[in-house]
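Keep in mind it's a predicted model, so treat the numbers as computed, not measured. Values reported hereafter were calculated over all heavy atoms of this structure, with side chains retained and with hydrogens, waters and symmetry mates removed.
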Amino acid sequence: MTKFYMKWTMNPMTVPADPGERIKYWLSLLEGVQAQLKSGELIDWGITCDSNEGYCFAETDEKTLHATVVSWLPYIQFDIKPVISVDEVITNVKKAAAAAKK
């Protein structure tokens, strides 16, 4: 499985202007986040202090990740990138160094 870093941004056009409705909106979104963390669809989630953007991580395949992301549209916009671990990077650097010596 691939690990994905997802930077997300709130779509301001979907946030209600009424304070009471905005609280319901936020709690609904956050309950969805908690459910996806509990189910394992997401493995980590965070938000910036200004509440406009944040990050999450998922460890899955592209098809399953797409289903997760689609559930948040149009409320959230994503920038998603696959990532590798520090151990994988060290292995790659060592292989590149060995190949350069040949």
* Asked: Going by distance alone, is a donor N or O of one side chain under 3.5 Å from an acceptor N or O of the other, for Thr14 and Asn11?
  -> no

* Thr2 side chain reached by Val83 side chain, heavy atoms, under 4.5 Å -> no

* How far apart are the C-alpha atoms of Thr64 and Asp61, what are their side-chain angles, what is the distance that settles it, and do they pass the side chain to side chain contact (heavy atoms under 4.5 Å, CB included) test? -> CA-CA 6 Å; Thr64 304; Asp61 59 78; 3.1 Å; yes

* To do: Taking the side chain as every heavy atom from C-beta outward, state whether Val89 and Asn92 have any atom pair closer than 4.5 Å.
  => no

* State the CE-CG distance between Met1 and Leu65, to the nearest 0.5 angstrom. => 12.0 Å

* Lys3 and Ile84, any side-chain heavy atoms less than 4.5 Å apart -> no

* Could you pull out the closest heavy-atom pair between Met10 and Ser51, with the gap in Å? => CG-O, 3.7 Å

* **Side-chain donor-acceptor pair present, Asp44, Tyr55, cut-off under 3.5 Å** => yes

* **ring pair (Phe, Tyr, Trp, His ring centres under 6.0 Å) involving Tyr25 - partner list, sequence neighbours excluded** => none

* Side chain to side chain, Ile76 and Thr9, heavy atoms closer than 4.5 Å -> no

Donor-acceptor contacts, no H, no angles, side chain residues 26-37, under 3.5 Å, sequence neighbours left out:
residue : atom : partner : partner atom : Å
Gln36   : OE1  : Trp72   : NE1          : 2.8
Gln36   : NE2  : Glu41   : OE1          : 3.4
Gln36   : NE2  : Ser71   : OG           : 3.4

* Are any of the side-chain heavy atoms of Glu53 and Ile47 separated by less than 4.5 Å? -> no

* At what distance, to the nearest 0.5 angstrom, does NZ of Lys81 lie from CE of Met6? -> 12.5 Å

* To do: Check the side chains of Ser85 and Asp87 for a donor-acceptor pair under 3.5 angstrom, ignoring hydrogens and angles.
  => no

* Asked: Is it true that Phe4 and Phe57 have ring centroids separated by less than 6.0 Å?
  -> no

* Taking the six-membered ring of Phe78 (Phe, Tyr or Trp), confirm whether the NZ or CZ of Lys7 is under 6.0 Å from its centre and within 45° of its axis. => no

